[in-house]
2 protein chains.
Amino acid sequence: MQHKHRGRPPVALQGMLEAADMLFAQSKLPGSVTMDAIAAAASVGKGTLFRAFGNRDGLLDALWATKLAILKERVTTGVPPFDESATPLDRLIAFLDSILMFKIANRHLIHAREATGGLLQSPHYRWMHAKTKNFIMEASNQVDEDYAIYSAHVLLSALHIDLIDEMLAQGLSVDTIRRLQAARGKGVIRIV
Amino acid sequence: MQHKHRGRPPVALQGMLEAADMLFAQSKLPGSVTMDAIAAAASVGKGTLFRAFGNRDGLLDALWATKLAILKERVTTGVPPFDESATPLDRLIAFLDSILMFKIANRHLIHAREATGGLLQSPHYRWMHAKTKNFIMEASNQVDEDYAIYSAHVLLSALHIDLIDEMLAQGLSVDTIRRLQAARGKGVIRIV
DNA sequence: CCTATAACGGACCGAGAGTCCGAAATGCAA
DNA sequence: TTGCATTTCGGACTCTCGGTCCGTTATAGG
């Protein structure tokens, strides 16, 4: 059922997200994408931006969501290597590797979001943590929940984009990081 | 050799550091300690603060340094358990545990410093990383430098104060975290 | 006592997140 | 068609905070 009187139609969120996406993709130095810049690029008032997304983190999370949708879909529907054909440990490793590559591909957006704090309370982190924790509990035949919670946090903590950038700056290649991370993932079921 | 003319004597850095320390220790919600507040608490102009420490991070690093001095001393002079009486692995674990407890004890200061980004380039992080890397290379009888660099970063990444706070909020006790971290430290020499 | 020097300190500035309110756009009723 | 209620728009404005600038003040030497 609709209201009797409709009023001025709202602008589509799509355009604002696309404008933000473009700015983050183009941004040379990270962190320079302001809300004013996004509003201007989207040809929209700043008030509209804040009404639509609440605050800066809301916008970044929404943009993050659109980027993460494909991976989320693949994981939840069980597309290989996230199905039963792979071992739980392989799924864990594939999951962490996917997130690593995802963060590198969207580094400016991720950098902006991770810089503002409160990331650990964000829905995306919670989702990643829940998934990681589940993979761990499936991979290791034990039910020590504290261990799974802790290990999931720890595995994800190595994926902060600042840390990745620092390691790349120190000469480690992406492939090296992926290889070492995979090895570390295997170690999860050995530690008690 | 001295200058011919001396000019107005500078204020002691000590007082400013003490004022900042007090504010961080008292601060209820983290991140609320501004430079103005520190200047006021130290009965000093803001300009003096910035002239003395360069910028906010400089002040936080200086305060961090005073707090970390004891641990740094113990590690570099080889006081037990950082001497030869302990195995390299035990030293690594003791080192990580010391940093964990240090961060918890100074959580507001650490939170402020870790929130501003650029932590990975700070001298304290570089010191911790270098030490951790050395312990790892001593503990595992191998010379894969990439492995040591990566593992040191990863071990330290689990010590971000936000992450610690989040784990505590999720019900993990400090002792549980210490125990799991120690177990993870042991895992370092098993993974290849 | 006067002058050169060096540091002080708070008024000031710039940037950026978030707010506020008059303007604009729309549908419905008369 | 016109007027009105309603809903959203949008950019000027506010607020906070890190950082700067420059007139003021303290000191030592001549």
Side-chain angles (χ1 to χ4, degrees), chain A residues 1-17 19-20 23-24 27-63 108-109 111-119 122, chain B residues 1-17 19-20 23-24 27-63 108-109 111-119 122:
Chain A
M1 99 184 243
Q2 311 286 11
H3 293 298
K4 273 223 200 120
H5 297 284
R6 281 239 351 269
R8 183 172 178 167
V11 301
L13 305 189
Q14 193 74 10
M16 296 185 252
L17 289 175
L23 289 179
F24 278 113
S27 77
K28 211 58 187 170
L29 39 155
S32 60
V33 179
T34 68
M35 293 299 272
D36 291 81
I38 294 170
S43 301
V44 131
K46 213 193 328 186
T48 304
L49 220 49
F50 279 90
R51 205 172 317 106
F53 300 102
N55 55 29
R56 180 177 167 84
D57 283 348
L59 170 57
L60 298 183
D61 282 345
L63 186 52
H108 289 129
L109 167 62
H111 181 275
R113 183 61 184 88
E114 291 188 348
T116 61
L119 178 71
S122 76
Chain B
M1 87 187 246
Q2 311 287 11
H3 293 297
K4 275 225 200 115
H5 297 283
R6 284 245 342 274
R8 184 173 178 165
V11 301
L13 305 189
Q14 193 74 9
M16 297 185 253
L17 289 175
L23 289 179
F24 279 114
S27 77
K28 210 58 188 171
L29 39 154
S32 60
V33 180
T34 68
M35 293 299 272
D36 291 79
I38 295 169
S43 302
V44 133
K46 216 200 315 195
T48 303
L49 220 50
F50 280 90
R51 204 171 319 106
F53 300 102
N55 55 28
R56 181 176 167 83
D57 283 349
L59 169 58
L60 297 184
D61 282 345
L63 186 51
H108 289 129
L109 167 63
H111 181 277
R113 183 59 184 87
E114 292 188 347
T116 62
L119 177 72
S122 75

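Here is how names work: the chains are called A, B, and so on, in the same order as the sequence lines, proteins then strands, and each is numbered from 1. Hydrogens, waters and symmetry mates are skipped; everything else that's a heavy atom, side chains included, is used.
In this structure, of dC9(D), dA11(C), dA12(D), it is dA12(D) that holds the atom nearest to the side chain of Lys46(A). Checking dG19(D), dC9(D), dA26(D) against the side-chain heavy atoms of Arg8(A) singles out dC9(D) as nearest.
For the pair Val44(A) and Asn55(B), nearest-nucleotide mapping onto DNA chain D gives the more 5' position to Val44(A). DNA chain C is contacted by both Val11(B) and Arg51(A); Val11(B) maps to the nucleotide lying nearer its 5′ end (nearest heavy atom per residue). When each of Asp36(B) and Pro9(B) is assigned the nucleotide of DNA chain C bearing its nearest heavy atom, the one mapping closer to the 5' terminus is Pro9(B). Toward the 5' end of DNA chain D, the nearer of the two residues Ala12(A) and Phe50(B), judged by each one's closest nucleotide, is Ala12(A).
Among the heavy atoms of the strands lying under 4.0 Å from Thr48(A) is at least one base atom, whether or not backbone atoms are also near.
Residues Arg51(A) and Pro10(A) fail the side-chain proximity criterion, which asks for heavy atoms closer than 4.5 Å. Side-chain contact between Leu63(A) and Phe53(A): absent, with no pair of heavy atoms (C-beta onward) separated by less than 4.5 Å.
The nearest pair of heavy atoms linking Ile38(A) to Ala19(A) is O-CB, 4.2 Å. Taking every heavy atom of both residues into account, Lys28(B) and His108(B) meet most closely at O-NE2, 3.7 Å.
Rounding to whole angstrom units, CZ of residue Arg113(B) and C1' of dG18(D) are separated by 14 Å. In this entry the distance linking CZ of Arg56(B) with C1' of dT16(D) reads 12 Å, nearest Å. As a whole-Å value, the separation of Ile38(B) CD1 from dG19(D) P is 11 Å. Distance, Leu59(A) CG to dG18(C) P: 11 Å, rounded to whole Å. Note: CG (Asp57(A)) to P (dG16(C)) measures 16 Å, nearest angstrom. For Leu29(A) and dG16(C), the CG to P distance is 11 Å, given to the nearest whole Å. Atom CE of Met16(A) and atom C1' of dT8(D) are 11 Å apart (whole Å).
Under the 3.5 Å distance criterion, with hydrogens and angles disregarded, no donor-acceptor pair is assigned to the side chains of Ser122(A) and Asp61(A).
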